[in-house]
Amino acid sequence: MNRLFCSLATTLLALSAMAQQRPPEGYNYAQGDFNGDGKQEYVYFVPPKDAEHWDELDDLDVLNGVLKFTDPAIPEIFVKQCVMGAPRNLGDLNGDGTDEIGIQPGWVTSNWQLYRIFALKPEGWIDAVEPFTIYLDADDFDQNPPVKKLSGGRVRITTYEWLGDTIVPRPKAVKVK
């Protein structure tokens with residue numbers, strides 16, 4: 001009986017630990033090793049509490065989303081002017097042993113957004129490359145992502161700009177911090 005109880009308790013503890021490693025249901029998430037400890041964790045996007053009622057707000061500057069992690073030791077990332085978003089594991093772009101996070105933010109006023117790539121450094125989260133402009137209706141980002149890993153700690157980013165009456169993609173290679 002005692003052995004059965006211990007076995008059952010061990011199984012329940014293991015299942016509980018596994019359940020805590022998954023993001024809460026209903027959130028956009030990505031899996032990766034974001035802190036370089038060799039273990040997989042999840043990052044998930046939590047929208048601002050007033051995101052659904054943005055049109056009733058006097059101050060849109062309060063609409064900042066948060067990237068949270070299933071490993072509580074990893075600090076959160078506040079994403080300015082972001083009411084929705086899907087974090088993406090971009091892999092280890094700079095060769096430091098941690099996966100970088102990309103997020104295509106959703107905002108209330110425009111299809112023109114800043115794409116962000118975050119890297120965890122000893123001092124905290126930084127922009128791994130300068131945030132760059134994307135146009136949300138221009139491409140299928142699943143098939144043509146705005147970030148592509150190159151060699152030597154560089155990535156190709158695709159920005160967009162107006163040229164006459166046309167929106168034009170502008171790819172360029174940049175170094176990852």
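Note that the structure is a prediction, hence the values are computed from the model and not measured. As a basis for the values below, the full set of heavy atoms in this structure was taken, side chains included, without hydrogen atoms, waters or symmetry mates.
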With distance as the sole test, does D99 use its side chain to make a donor-acceptor pair with the main-chain N or O of G32 at under 3.5 Å? no
Which atoms form the tightest heavy-atom contact between R154 and A173, and what is the distance? NH2-O, 3.5 Å
Are side-chain heavy atoms of I117 and V176 found at a separation under 4.5 Å? no
Can you get from L63 to Y27 by hopping between Ile, Leu, Val, Met, Phe, Trp and Tyr side chains that sit under 4.5 Å apart? no
Are V147 and V129 connected into the same hydrophobic cluster when the rule is that any two of I, L, V, M, F, W, Y join if their side-chain heavy atoms are below 4.5 Å apart? yes
Search all heavy atoms of R156 against all heavy atoms of P145 and return the closest pair with its distance. NH2-O, 4.5 Å
Mind checking the CD1-CG spacing from I101 to L67? Nearest 0.5 Å is all I need. 6.0 Å
Can you tell me which residue among K177, K121, R116 is in a salt bridge (Lys or Arg N to Asp or Glu O under 4.0 Å) with D127? R116
Quick one: does Y44's side chain get under 4.5 Å of P24's, heavy atoms only? yes
Whether N89 side chain and Q31 backbone form a donor-acceptor pair below 3.5 Å: yes
Are I157 and W162 connected, step by step, through hydrophobic side chains (Ile, Leu, Val, Met, Phe, Trp, Tyr) whose heavy atoms are closer than 4.5 Å? yes
Here the pair of heavy atoms bringing P48 nearest to C82 is CD-O, 3.4 Å
N/O donor-acceptor pair under 3.5 Å between E41 side chain and F34 backbone: yes
Return yes if some donor-acceptor pair links the side-chain N/O of N64 with the main-chain N/O of Q81 below 3.5 Å, else return no. yes
Please check if V79 and I74 belong to a single hydrophobic cluster, counting links between Ile, Leu, Val, Met, Phe, Trp and Tyr side chain heavy atoms closer than 4.5 Å. yes
Separation between CD1 of I103 and CD of Q113, rounded to the nearest 0.5 Å: 10.5 Å
Derivation and outcome, side chain to side chain donor-acceptor pair (under 3.5 Å), residues Y160 and R170: CA-CA 6 Å; Y160 294 83; R170 297 282 187 210; over 6 Å; no
Examine V43 and Y29 and state if one hydrophobic cluster contains both, with Ile, Leu, Val, Met, Phe, Trp and Tyr joined whenever side-chain heavy atoms are less than 4.5 Å apart. no
For the residue pair W125 and F118, does the interplanar ring angle fall in the parallel (under 30°), tilted (30 to 60°) or perpendicular (over 60°) class? perpendicular
Under 3.5 Å, is there a donor-acceptor pair between the side chain of K149 and the main chain of D92? yes
Nearest heavy-atom contact between F132 and T158 is CE1-O, 3.6 Å
Which distance, rounded to the nearest 0.5 Å, do you find between the CG of L150 and the CG of L93? 9.5 Å
Does any N or O in the side chain of W112 come within less than 3.5 Å of the main-chain N or O of T133, such that one atom is a donor and the other an acceptor? no
Quick one: does any side-chain atom of K175 pair with a main-chain N or O of G152 as donor and acceptor, under 3.5 Å? yes
Please report the interatomic distance CZ(F69) to CD(Q21), rounded to the nearest 0.5 Å. 15.0 Å
Nearest heavy-atom neighbours spanning P23 and Y42: CD-CG, 3.4 Å
Within this structure, what is the CD1-CD1 distance for the pair I126 and I77, rounded to the nearest 0.5 Å? 11.0 Å
For the pair N28 (side chain) and G85 (backbone), establish whether a donor and an acceptor sit closer than 3.5 Å, ignoring hydrogens and angles. yes
Nearest 0.5 angstrom please: N94 CG to T98 OG1, how far? 6.0 Å
